[in-house]
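Below: the structure, in structure tokens.
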Amino acid sequence: MNYKDLLSRTLFILSSPAKAWEQIASENDAKAVLPAFVYPLIGLCGVCEFIGTFFGKEFIPDVFQLALTHCCAVAVALFGGFFLSSYLIEKMLQKWFATTLSKDMITVFVAYSMTVKFVLDMLSSLLSLKLLLVILQIYTLFVVFEGTRRFLKIREDKVTLFTLVATIIILLCPSIIELVFNKLSVTLR
């Protein structure tokens with residue numbers, strides 16, 4: 001695991017999405033994107049959530065249990081949200097856009113499109129600026145737009161619609177899974 005490469009790739013996508021997508025399109029790393037990018041970021045989000053739960057609280061067993069529950073909720077939500085987003089985007093491309101792309105290509109697209117979500121989840125776990133961080137998720141729209149144009153190469157007349165729907169899917173799937181997980185974990189106690 002090379003965290004230096006992970007950090008540089010993350011910053012590159014956030015700072016220059018157009019150039020990053022062009023570089024991603026020239027690479028052939030579809031099999032490496034999960035273990036080298038997605039899984040470490042999900043893990044970091046979980047760790048940040050775990051640590052962030054202790055801010056301003058005593059270190060007692062109840063808080064430790066709460067931290068573990070929150071950590072699991074974030075990890076499950078991002079993991080499930082990633083795969084659900086990939087599935088829904090693949091189906092959307094087939095049905096609405098009459099386009100079939102490889103699963104690997106869709107996996108890479110969703111992985112890098114979720115970069116903003118990953119980073120903001122880490123920051124929101126550690127900082128108490130939830131509203132500002134929710135607003136900053138709008139930047140996902142720009143990352144998805146550039147990925148749609150430069151990586152997926154969707155027809156120009158369909159780019160806007162695809163970008164909007166894909167962004168909604170990418171942002172909502174993890175949130176819905178986290179909501180369900182939290183509801184279930186409360187009822188199981």
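Computed from a predicted model, the values in this text were never measured in an experiment.
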Completion exercise
Rounded to the nearest 0.5 Å, the CH2 atom of Trp21 sits from the CD1 atom of Ile13 at a distance of 6.5 Å
Fill in the blank from the handout: Of all heavy-atom pairs linking Leu141 and Thr163, the shortest is O-CG2, 3.6 Å
Practice task
Quick one: closest heavy-atom pair of Arg150 and Lys153, and the distance?
Solution key: O-NZ, 3.0 Å
Handout entry: Salt bridge flag under 4.0 Å for residues Glu146 and Arg149
Key = yes
Exercise for the section: Salt-bridge test for Asp5 and Arg9: reply yes if a basic N is under 4.0 Å from a carboxylate O, no otherwise. Expected result: no
Fill in the blank from the handout: In this structure, CZ of Phe82 is separated from CD1 of Ile177 (nearest 0.5 Å) by 12.0 Å
Exercise for the section: Indicate if Leu171 and Leu88 have the same hydrophobic cluster label, given that clusters are the connected sets of ILVMFWY residues with side-chain heavy-atom separations under 4.5 angstrom. Expected result: no
Problem - Side-chain donor/acceptor of Trp96 to backbone N/O of Lys91, under 3.5 Å - result: no
Handout entry: From CE (Met105) to CG (Leu101), nearest 0.5 Å
Key = 5.5 Å
Handout entry: Linked, directly or transitively: Leu164 and Ile138 (ILVMFWY side chains, under 4.5 Å)
Key = no
Exercise for the section: Give me the ring orientation class for Phe64 and Phe50: parallel if the planes are under 30° apart, tilted from 30 to 60°, perpendicular past 60°. Expected result: perpendicular
Fill in the blank from the handout: To the nearest 0.5 Å, atom CZ of Phe109 lies from atom CZ of Phe151 at 9.0 Å
Handout entry: Salt bridge Lys183-Glu178, side-chain N to carboxylate O under 4.0 Å
Key = no
Problem - Leu14 vs Val116, side-chain contact (heavy atoms from CB on, under 4.5 Å): CA-CA, chis, key distance, verdict - result: CA-CA 7 Å; Leu14 294 176; Val116 176; 3.6 Å; yes
Problem - Side chains of Pro174 and Phe79 in contact at under 4.5 Å (non-hydrogen atoms) - result: no
Problem - From Thr148 atom OG1 to Leu161 atom CG, the distance as rounded to the nearest 0.5 Å - result: 10.5 Å
Handout entry: Hydrophobic cluster identity match, Leu66 and Leu179, side-chain contacts under 4.5 Å
Key = no
Can you give each donor-acceptor pair under 3.5 Å made by side-chain atoms of residues 31-46, sequence neighbours left out, with the distance rounded to 0.1 Å?
from, atom 1, to, atom 2, distance (Å)
Lys31, NZ, Asp104, OD1, 3.3
Lys31, NZ, Asp104, OD2, 3.2

Practice task
Using atom types as modelled and distance alone, determine if a side-chain donor or acceptor of Lys95 lies under 3.5 Å from a backbone N or O of Met92.
Solution key: no
Practice task
Give the intermediate values and the outcome of side-chain contact (heavy atoms from CB on, under 4.5 Å) for residues Ile89 and Ile170.
Solution key: CA-CA 9 Å; Ile89 287 172; Ile170 287 168; 4.0 Å; yes
Handout entry: Backbone N/O of Phe12 and side chain of Ser16: donor-acceptor pair under 3.5 Å
Key = no
Handout entry: Minimum heavy-atom distance between Val143 and Ser113, given as atom pair plus value
Key = CG1-CA, 4.1 Å
Practice task
Answer yes if Tyr3 and Leu11 sit in the same cluster of Ile, Leu, Val, Met, Phe, Trp and Tyr residues linked by side chain heavy atoms under 4.5 Å apart, and no otherwise.
Solution key: no
Exercise for the section: Measure up the Tyr139 and Phe142 rings against each other and bin them: parallel (under 30°), tilted (30 to 60°), perpendicular (over 60°). Expected result: tilted
Exercise for the section: Check for a donor-acceptor pair, side chain of Ser175 on one end and backbone N or O of Cys173 on the other, with a separation under 3.5 Å. Expected result: no
Exercise for the section: Kindly determine whether Tyr87 and Ile106 satisfy side-chain contact (heavy atoms from CB on, under 4.5 Å), including the steps that lead there. Expected result: CA-CA 9 Å; Tyr87 174 79; Ile106 293 169; over 6 Å; no
Practice task
Evaluate side-chain contact (heavy atoms from CB on, under 4.5 Å) for Met114 paired with Leu78, printing each intermediate quantity in order.
Solution key: CA-CA 9 Å; Met114 286 184 73; Leu78 291 173; 4.3 Å; yes
Fill in the blank from the handout: Rounded to the nearest 0.5 angstrom, the SG-CG distance for Cys48 and Leu123 is 8.0 Å
